[in-house]
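Accompanying notes for the structure given below.
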Amino acid sequence: RAKKESNVYVFAAHGYRSYGKKEFSGVGQYYLSRGINLFIVDHIASGESEGDYCTFGHNETKDCLKWLDYMNANFGSDIKIILHGVSMGSATVMMMTGSGLLPSNVRATVADCGFTDGPEFFAYRLRQMKIPAADSIVQSWIKINRRRLGFDLNSIKPVNSVKNAEIPMLFIHGETDGLVPCFMVYELYEACGSKNKELLVIADADHAQSYKVGKEKYTDRLGAFIDKYVI
């Protein structure tokens, strides 16, 4: 919790195989300094949570929607919630935002370095590593995943989810992101259906490094976004 009593909470969603406290050790301190509470979870098969498989946002989205219900039940339905996700967590909060299942007190979403589409992201990474038959390999992964874990990777499409966004969204990406290409954030921004959407690209920032590399620009833009749509 922030030092001063506050009814504003950030729901923090971390990236693949990371854990919440590490992922939000930087920007989390910014939120606390602004008097905003920080609610951090560890996704399935990550951090202190149990489980064997991350699902790149599929099960994480369902879990996090339940966490929002928990927050409202324990902190009161009059709180204001900001969703903030990084990498896989960004895909998760984008799919939450477009799910049609958000509680009405979720006021805004911050999506930092998220990908557009699960299968396309995997295929891009294989092509980037110069592995031949990337698309065929991904199709095989989809079949194996469907048989082993019971869901279709084709369902992980944040770019489709954001079309249904109705709350304000701030998209952030590092211009030199070596994992999730920066062109994806432009596709997400263009696809977003929210009337109140903003885009911030940080020069010379690699994957999930935008806050560290461009801290002043990041916090100035994030602060203005929060002041405009939440506080």
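Predicted, not measured: the structure shown is a model, and the values here were computed from it. Heavy atoms only: backbone and side chains are in, while hydrogens, waters and symmetry mates are out.
Within the 4.5 Å cutoff, side-chain heavy atoms of Ile142 are placed close to those of Asn154. Residues Phe122 and Ile137 have side chains not in contact (no heavy-atom distance under 4.5 Å, counting atoms from C-beta outward).
The distance from the CD1 atom of Ile81 to the CG atom of Asn72 is 4.5 Å, given to the nearest 0.5 Å. Atom OH in Tyr70 sits 6.0 Å away from atom CH2 in Trp67 (nearest 0.5 Å). From Ile156, atom CD1 reaches atom CZ of Phe56 across 7.5 Å, with rounding to the nearest 0.5 Å. Note that the OG1 atom of Thr109 and the NZ atom of Lys197 stand 14.0 Å from one another [nearest 0.5 Å]. Once rounded to the nearest 0.5 Å, the distance linking NE2 of His43 with OG1 of Thr55 reads 9.5 Å. Distance check, rounded to the nearest 0.5 Å: CG of Leu101 to SG of Cys64 gives 13.0 Å.
Panel note: side chain Asn145, backbone Trp141; no donor-acceptor pair is recorded below 3.5 Å. Judged by distance alone, the side chain of Glu60 and the main-chain N or O of Gly89 form no donor-acceptor pair under 3.5 Å. A distance-only check finds no donor-acceptor pair linking the side chain of Glu187 to the backbone of Val159 [under 3.5 Å]. A donor-acceptor pair under 3.5 Å is absent between the side-chain atoms of Thr116 and the main chain of Met184, judged by distance alone. Formation of a donor-acceptor pair under 3.5 Å by the Arg146 side chain with backbone atoms of Leu153 is not found in this model. Distance alone, capped at 3.5 Å, places no donor-acceptor pair between the Ser46 side chain and the Asp42 backbone. A distance-only check finds no donor-acceptor pair linking the side chain of Gln128 to the backbone of Arg125 [under 3.5 Å]. Proximity of a side-chain donor or acceptor of Lys80 to a complementary backbone N or O of Val230 within less than 3.5 Å is detected. Judged purely by atom type and a 3.5 angstrom limit, Asn37 uses its side chain to pair as donor or acceptor with the backbone of Ala2.
Ring geometry for Phe151 versus His58: interplanar angle under 30°, hence parallel rather than tilted (30 to 60°). Taking the six-membered ring where tryptophan is involved, the planes of Phe115 and Phe121 are essentially parallel, since the angle between them stays under 30° and well short of 60°. The aromatic rings of Phe183 and Tyr124 stand perpendicular to each other, their planes meeting at an angle above 60°, with 30° marking the opposite boundary.
Looking at Tyr211 and Asp112, their side chains never bring a donor and an acceptor atom within 3.5 Å of each other.
Around the CD atom of Glu166, the shell of radius 6.0 Å holds no more than 12 heavy atoms that belong to other residues, nucleotides or ligands. Remark: Tyr229 OH is packed, more than 12 non-hydrogen atoms of other residues, nucleotides or ligands lying under 6.0 Å away.
With salt bridges taken as basic N to acidic carboxylate O contacts below 4.0 Å, one links Glu120 and Arg127.
Put simply, the residue from Phe24, Phe225, Tyr30, Tyr9 that forms a ring-ring contact (aromatic ring centres under 6.0 Å, His included) with His84 is Phe24.
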Name the atoms and distances for all side-chain donor-acceptor pairs under 3.5 Å in residues 167-174, with sequence neighbours left out.
unit_1	atom_1	unit_2	atom_2	d
His173	NE2	Asp177	OD2	3.2
His173	NE2	Val180	O	2.9

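Minimum heavy-atom separation, Arg34 to Gly223: NH1-CA, 3.5 Å. Residues Thr92 and Gly57 come closest through the heavy atom pair OG1-CA, 3.5 Å. Taking each heavy atom of Asp69 and Pro103 in turn, the nearest pair found is OD1-CG, 4.5 Å. Smallest separation of non-hydrogen atoms from Leu102 and Met96: CG-O, 3.4 Å. Between Thr176 and Asp204, the closest heavy-atom pair is OG1-C, 3.3 Å. Minimum heavy-atom separation, Ala111 to Met94: CB-CG, 3.8 Å.
Phe11 and Val8 fall into different hydrophobic clusters, where Ile, Leu, Val, Met, Phe, Trp and Tyr residues are linked whenever their side-chain heavy atoms come under 4.5 Å apart, directly or through other members. Note on Val86: it does not cluster hydrophobically with Tyr19, by side-chain heavy-atom contacts below 4.5 Å among ILVMFWY residues. Under the 4.5 Å side-chain contact rule for hydrophobic residues, Tyr53 and Met95 share a cluster. One hydrophobic cluster, built from ILVMFWY side chains closer than 4.5 Å, holds both Ile40 and Ile36. Ile82 and Phe39 end up in different hydrophobic clusters when Ile, Leu, Val, Met, Phe, Trp and Tyr side chains are linked at under 4.5 Å.
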Decide yes or no on side-chain contact (heavy atoms from CB on, under 4.5 Å) for Ile79 and Asn105, but give the supporting numbers first. CA-CA 7 Å; Ile79 63 172; Asn105 58 337; 3.5 Å; yes
Derivation and outcome, side-chain contact (heavy atoms from CB on, under 4.5 Å), residues Val27 and Leu222: CA-CA 10 Å; Val27 70; Leu222 177 59; 3.9 Å; yes
